[in-house]
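Note that the structure is a prediction, hence the values are computed from the model and not measured. Residues: numbered from 1 along the sequence shown.
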Amino acid sequence: MLNAQTPVYYQVSPKSDIALEWRAPIGSTLSVSLYSNNERIKDYVFTATAEQALFDRLITETTERQTLPTAEKRYLAIPDNVNQIKIEAEDAMVKLQARSPTFNYLNHRCDPVCDPESPIYQGIDAWFSQKADNHYLFHTQKQIASVRLFEAPPEVPELLPQYRSKDLDQLLAVSDIALVPIEQAYFDNSVPQMEFEYRQVTKSALFKLGKATSYPSSVIVKQKRKPTLFEVPLNSLQIEELANTQALFINQGLPRTVRKIRLYKVAKTTPLTVAVSENNLQPNALVVKVFSAEPQAEITVATTLDSTKVITPSDEYTILAKHFVLHLNPAQTRMFFNPNHTELYEYPSITLPLFQDLTSPKTMTLRFSHDVWISVLEEHEQPDATLNWWQDETP
């Protein structure tokens with residue numbers, strides 16, 4: 001807890017990244033100075049703009065909960081000649097975290113959510129809290145605070161994200177089609193039905209359906225023998241083709257519960273490098289959906305982003321190297337058009353944010369521990385003007 005008489009000093013590693021968080025009265029200033037062997041190199045001044053926190057509380061020695069300002073944060077890349085930071089403020093609470101920009105962040109993904117108490121699911125955090133050089137002074141003067149963090153309820157976004165699947169035909173030789181459940185956000189109730197979205201119908205009701213849409217109606221047939229799934233136009237479907245039928249799906253009417261998506265096969269020995277931006281349009285995030293034809297206990301995915309980052313302070317931070325361990329939920333099986341694999345096992349999807357601290361994101365490289373089937377999606381704020389049926393999927 002800083003005051004006019006007590007600045008805080010931190011030792012930092014050159015070429016590391018820092019995350020500086022503060023809580024201060026609105027309008028007050030925070031001065032950050034970078035030093036190289038006691039020589040001042042650079043100064044930054046930040047002005048507090050946050051109002052009182054609605055949920056977080058300061059915990060006093062008597063366990064009383066007091067209100068305090070909302071936390072604000074800035075990220076900064078440390079130059080290679082800087083090894084100390086000094087922070088000054090008349091009235092502020094500060095916390096400093098650091099990481100190596102090349103450090104590999106590790107995260108487990110489970111569906112349902114992993115048990116955080118289980119030692120199996122321990123990951124490697126992105127950021128590590130730093131102890132001040134003059135920590136003992138703050139300790140003796142009782143200027144170290146404890147803050148209880150309470151998670152705010154999720155906000156309904158003003159603009160619903162739009163997803164566009166990447167066409168990987170030029171990168172991967174094998175692709176196929178699967179049926180997956182439509183998962184719609186609780187606040188999204190205005191999405192029109194698309195021709196690649198289907199509902200299940202009975203055999204008796206199928207042939208009573210007329211032309212109810214402007215696009216040709218198709219029927220997906222699930223049967224006992226191979227191929228277990230096939231698609232045929234409704235107007236050319238013959239009754240003889242339904243002798244071994246287990247289920248029928250048609251792209252008419254409501255409610256539509258499954259979506260047809262295109263998947264690509266990736267070998268475990270082959271890294272896949274995809275362009276981040278196409279047509280000079282940078283997405284907000286890349287989403288990787290992972291499936292396996294054989295149930296694996298877990299699948300590891302390494303992601304590496306090739307990009308240049310800003311060197312000035314930023315309120316956003318993109319981690320360039322990540323490592324995920326995806327755990328199987330045996331109940332998440334999906335129908336597959338591939339005649340050799342009648343079912344796919346779906347693993348938790350991976351979302352890779354691309355924040356504004358990137359100046360020119362180029363490519364994303366993906367490495368998998370097993371042979372997998374994937375779909376890579378771009379998240380945008382605005383929908384694409386032209387969409388193919390496989391280019392409007394949701395994670």
Side-chain angles (χ1 to χ4, degrees), residues 1-10 12 16-35 40-60 64-79 82 84-99 101 125-132 134 138 141 143-161 187 282 284-285 309-319 353-359 379 381:
M1 301 175 68
L2 306 187
N3 56 38
Q5 293 75 38
T6 316
V8 63
Y9 297 89
Y10 291 95
V12 293
S16 63
D17 291 344
I18 64 167
L20 173 63
E21 180 180 302
W22 71 84
R23 297 173 185 265
I26 190 168
S28 61
T29 60
L30 194 81
S31 300
V32 179
S33 301
L34 309 184
Y35 288 83
R40 182 178 292 188
I41 301 297
K42 185 75 174 178
D43 292 301
Y44 296 103
V45 176
F46 304 109
T47 301
T49 60
E51 298 180 352
Q52 292 292 94
L54 297 177
F55 301 95
D56 299 342
R57 291 294 182 265
L58 174 66
I59 307 300
T60 67
E64 179 186 0
R65 296 180 180 181
Q66 296 182 355
T67 59
L68 75 171
T70 301
E72 299 180 75
K73 186 175 285 188
R74 292 294 185 275
Y75 302 94
L76 179 64
I78 297 301
V82 169
Q84 189 180 46
I85 295 178
K86 176 184 179 182
I87 306 172
E88 298 175 283
E90 290 190 0
D91 180 15
M93 303 167 62
V94 300
K95 180 176 71 173
L96 191 76
Q97 295 175 299
R99 72 183 304 269
D125 291 337
W127 296 95
F128 294 90
S129 294
Q130 305 298 293
K131 186 176 181 179
N134 53 343
F138 284 93
Q141 295 182 356
Q143 290 177 238
I144 297 177
S146 296
V147 176
R148 184 71 56 83
L149 304 179
F150 294 90
E151 186 175 2
E155 296 182 358
V156 177
E158 295 181 4
L159 294 175
L160 295 179
F187 50 77
Q282 178 182 326
N284 295 333
K309 303 193 73 171
V310 300
I311 60 174
T312 55
S314 172
D315 59 356
E316 294 183 322
Y317 186 90
T318 305
I319 301 176
L354 304 170
F355 294 123
Q356 296 303 314
D357 61 324
L358 304 178
T359 58
E379 179 186 295
E381 291 184 359

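- When every heavy atom of Thr312 is checked against every heavy atom of Leu76, the shortest pair comes out as C-CD1, 4.1 Å.
- Residues Gln356 and Ser314 bring no donor and acceptor atom of their side chains to less than 3.5 Å of each other.
- One N or O on the side chain of Thr318 and one on the backbone of Phe355 form a donor-acceptor pair closer than 3.5 Å.
- Of the possible donor and acceptor atoms, none in the side chain of Gln97 sits under 3.5 Å from a partner among the backbone N and O of Lys95.
- Annotation: the span from Ile18 atom CD1 to Lys73 atom NZ amounts to 11.5 Å, rounded to 0.5 Å.
- With rounding to the nearest 0.5 Å, the separation of OG in Ser33 from OH in Tyr44 is 11.0 Å.
- Looking at Ile87 and Tyr10, their side chains come closer than 4.5 Å, going by heavy atoms from C-beta outward.
- When side chains are defined from C-beta on, Thr67 does not count as touching Leu54, because their heavy atoms never get closer than 4.5 Å.
- Here the shortest heavy-atom pairing between Ala19 and Trp127 reads N-CZ3, 3.7 Å.
- Around atom CD1 of Ile311, no more than 12 heavy atoms belonging to other residues, nucleotides or ligands sit under 6.0 Å away.
- The closest donor-acceptor contact from the side chain of Glu72 to the backbone of Ala50 lies under 3.5 Å.
- Using a 4.5 Å cut-off on side-chain heavy atoms (C-beta onward), Val32 and Phe46 make contact.
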_For a side chain to side chain contact (heavy atoms under 4.5 Å, CB included) check, start with the C-alpha distance between Lys309 and Tyr75, then their side-chain angles and the critical distance, and finish with the verdict._
CA-CA 11 Å; Lys309 303 193 73 171; Tyr75 302 94; over 6 Å; no
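- Legend: residues meeting salt bridge (Lys or Arg N to Asp or Glu O under 4.0 Å) with Glu316, ordered by chain and number and at least two apart, are absent.
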*Might you work through the side chain to side chain donor-acceptor pair (under 3.5 Å) test for Tyr317 and Asp17, ending with a clear yes or no?*
CA-CA 10 Å; Tyr317 186 90; Asp17 291 344; 2.5 Å; yes
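- A heavy-atom distance below 4.5 Å is not found between the side chains of Glu90 and Ser28.
- Smallest separation of non-hydrogen atoms from Ala92 and Ala24: CB-CB, 3.9 Å.
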*asked:* side chain to side chain contact (heavy atoms under 4.5 Å, CB included) for Gln282 and Leu354? Distances and angles first, verdict last.
replied: CA-CA 8 Å; Gln282 178 182 326; Leu354 304 170; 3.9 Å; yes
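- Residues forming a side chain to side chain contact (heavy atoms under 4.5 Å, CB included) with Met93 (at least two apart in sequence, or on another chain): Met1, Arg23, Leu58, Leu68, Ala145, Val147.
- With hydrogens and angles ignored, the 3.5 Å screen pairs a side-chain donor or acceptor of Arg99 with a backbone N or O of Ala126.
- Note that the CD1 atom of Ile78 and the CD atom of Gln84 stand 11.5 Å from one another [nearest 0.5 Å].
- The shortest non-hydrogen separation linking Pro353 to Ala285 is CA-CB, 3.8 Å.
- In this structure, the separation between CH2 on Trp22 and OG1 on Thr29 is 11.0 Å, given to the nearest 0.5 Å.
- Of the possible polar contacts, one joining the Thr70 side chain to the Glu51 backbone as a donor-acceptor pair under 3.5 Å is found.
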Enumerate donor-acceptor pairs with a distance under 3.5 Å from any side-chain N or O in residues 2-9 to protein atoms, sequence neighbours excluded.
from, atom 1, to, atom 2, distance (Å)
Asn3, OD1, Gln5, N, 3.0
Asn3, OD1, Thr6, N, 2.9
Asn3, OD1, Thr6, OG1, 3.0

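- The line from NZ of Lys86 to CG of Asp43 is 9.5 Å long, rounded to the nearest 0.5 Å.
- Residues Arg148 and Asp56 have side chains not in contact (no heavy-atom distance under 4.5 Å, counting atoms from C-beta outward).
- Other residues, nucleotides and ligands place more than 12 heavy atoms under 6.0 Å from the CD atom of Gln66.
- Note that CD1 of Ile85 and NZ of Lys42 are 14.0 Å apart. Values are rounded to the nearest 0.5 Å.
- Across all their heavy atoms, Ser16 and Pro101 have their closest contact at CA-CD, 4.0 Å.
- The shortest non-hydrogen separation linking Pro25 to Pro69 is N-CG, 4.2 Å.
- Thr47 is not listed as a side-chain neighbour of Leu30, based on a closest heavy-atom distance of 4.5 Å or more.
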